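When a residue number appears, it is its place in the shown sequence, counting from 1. Quick note: numbers below take in every heavy atom, side chains included, and nothing from hydrogens, waters or symmetry partners. Remember, it's a predicted structure, so these values are computed and weren't measured experimentally.
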Amino acid sequence: MHHSPSTSYLVMLISFFLASKFLLFPGVEGTIGVNYGTVASNLPPPAQVAHFLVESTIISRVRLFDADSNILKAFAHTGIAISVTVPNDEIPRLTKLNFAQQWVENNIQPYTPNTNIVRILVGNEVLSTANKLLIGSVVPAMQNLHSALFEASLDRRIQVSTPHSLGIISNSSPPSTAMFRQGYDTYVLKPLLSFLRATNSPFMVNPYPFFGCSLDTLDFALFRPNAGLDSVFSAMKFLGFDDVEIVIAETGWPSMGDSTQVGVDAKSAAEYNGNLIRHVISGAGTPLMPNRTFETYIFALFNEDLKEGPTCERNFGLFHTNMTPVYDNWILRRMTAAAAANFHPVTCLLVITIGFLVLAINHHGEI
C-alpha cells in the first residue's frame, strides 16, 4: 500500500508513542516515590521541585515529613500523589476528635483536590521511640483522623497509616518465622492492623539494609534490596493480617559517610537504588510474596546538609539542591520517555483516530 508523506508521518508518530509510553518504563510510574526532606540550605523553591519531578523524573509519589503549605500548593495540578505527615509530638493532641477535625480542616481541606493528597502518616517510627504516651496515642489518633476525613467526605480519597522501623520485628531469621516484638504485637499492632484492614490502608515500613551491614554482608545488602519485607509479612500473617498491603515508606543508601562505615560511596548508592527500582517494577516480588510490586519511597530527594549526626545522614540524596544527580540513579527520564509523558492520552486517541481516517481515505484513493 502506498502511503503519502503525511500518512507515513502519522504512522511513525503513533508507533513512537506506543513504543515510548509503554515499553521504556513498563509499570514504573505509580510505584516509585521519593521522600522530600527539607533539612537543608539552598533548597530550590517547591514549585521548581514539583516541575522538575513531573518533567524530568519517573517519580509519581512524594512523601513529606510535615504538611508544609507552600509545598502542598506547589504540587497542585501535577497529579503527583502526596503523603503528608503528622509530626510525632502532635500525635497526643489528635486523640481528641475535635483536634483531628481541626488538623484536617487546616492541613488537608484547603489543598485537596487540586493537590493529590492520598495519605496522612501519623508520626514516623513511633514504636521505636519507646515513648508510652506516643505509642498509646497512635491508633486513637489514626482513628480520629479517619473519622474527620469521613466527615469531610475525603475518607475514600485519603488513607491514614504510620511507618515503622524494622525494630518492631523480634526474630527475622529465617523470615518465615518472624514475629512482632512481644507487647507491641497484641496491644498496638493488632488494633493498628485491624484499622488498616478496615480502611483499606497499607502497613508501612522503613527498611534500611545499610544500617547494620558489614564488609561480609555488603554484597547481600546491595543486591537484595527487599531485605526485611518477608519478615514483616510473616509477622503480619502470624497475627492474621497477611491480606494487608505492605508499602516501603522509606529506604535508601548514602553516597558518602565516615571512614569507619562500610559501602558509603556513590557506586554503592547507585547499585542499591538501581537494584531496588528494577526489583520493585519487575513484579518478581519476594520468596514469600511472589509476583508482587511494592509502592516504594526512596530516601531522599536531596542531600540535607543541615541534618545532625554522622556524615552519612547528610548524604542520602538522589540529587544536589541544584537538582543535578549525585550519581546515575535511574530516576531521570530518558528523552523519549519524557516526550511520551507529555503526550496526553486524549491527544494520543485523537492522533490515532486521525491516523486511521487518513489511512482509510488513502486506501480508497480519495483526498
Sequence neighbours excluded and cut-off under 3.5 Å, please list the side-chain donor-acceptor pairs for residues 180-191, or say none.
from : atom 1 : to   : atom 2 : distance (Å)
R181 : NE     : G167 : O      : 2.5
Y184 : OH     : L127 : O      : 3.3
D185 : OD1    : G183 : N      : 3.1

So which pairs with a foot in residues 97-139 pass ring pair (Phe, Tyr, Trp, His ring centres under 6.0 Å), sequence neighbours left out?
none
S173: which residues meet the side-chain hydrogen bond (donor to acceptor under 3.5 Å, both in side chains) condition with it, sequence neighbours left out?
none
All pairs passing ring pair (Phe, Tyr, Trp, His ring centres under 6.0 Å) where residues 288-325 contributes a residue, at least two apart
F52-F319, Y208-F316, F299-F316
Is it true that the side chains of T293 and T31 contain a donor and an acceptor less than 3.5 Å apart?
no
Evaluate side-chain contact (heavy atoms from CB on, under 4.5 Å) for N98 paired with Q101, printing each intermediate quantity in order.
CA-CA 5 Å; N98 62 322; Q101 291 166 330; 4.1 Å; yes
What are the two closest non-hydrogen atoms of G263 and W253, and how far apart are they?
O-NE1, 2.7 Å
Hey, could you give me the CG/CD distance between L145 and Q159, rounded to the nearest 0.5 Å?
13.5 Å
So, N131 and N88: side-chain donor and acceptor under 3.5 Å apart, yes or no?
no
So, for L218 and C213, which heavy atoms are closest and what is the spacing to 0.1 Å?
CD1-SG, 4.1 Å
Once salt bridge (Lys or Arg N to Asp or Glu O under 4.0 Å) is applied, do any residues pair with R278, and if so which ones, sequence neighbours excluded?
none
Without placing hydrogens or testing angles, list every side-chain donor-acceptor pair under 3.5 Å for residues 231-238, not counting sequence neighbours.
from : atom 1 : to   : atom 2 : distance (Å)
S234 : OG     : P175 : O      : 2.8
S234 : OG     : D230 : O      : 3.0

Check whether L166 and F203 end up in the same hydrophobic cluster, where Ile, Leu, Val, Met, Phe, Trp and Tyr are linked by side-chain heavy atoms less than 4.5 Å apart.
yes
Side chains of residues 69-79: which donor-acceptor pairs under 3.5 Å do they make with residues two or more places apart or in other chains?
from : atom 1 : to  : atom 2 : distance (Å)
T78  : OG1    : F75 : O      : 2.7
T78  : OG1    : I80 : N      : 3.2

Can you name the residues that form a side-chain hydrogen bond (donor to acceptor under 3.5 Å, both in side chains) with S176, not counting sequence neighbours?
none
For Q261, what residues pass the side-chain contact (heavy atoms from CB on, under 4.5 Å) criterion, not counting sequence neighbours?
F210, D258, V264, C312
Those residues that, when tested against R119, pass salt bridge (Lys or Arg N to Asp or Glu O under 4.0 Å) (two or more places apart)
E295
Listed partners of N42 passing side-chain hydrogen bond (donor to acceptor under 3.5 Å, both in side chains), at least two apart:
none
Mark yes when over 12 heavy atoms from residues, nucleotides or ligands other than M289 sit less than 6.0 Å from its CE; otherwise mark no.
yes
E304: side-chain hydrogen bond (donor to acceptor under 3.5 Å, both in side chains) partners, not counting sequence neighbours
none
Can you give me the closest heavy-atom contact between A40 and D305, atom names plus distance?
CA-OD1, 3.1 Å
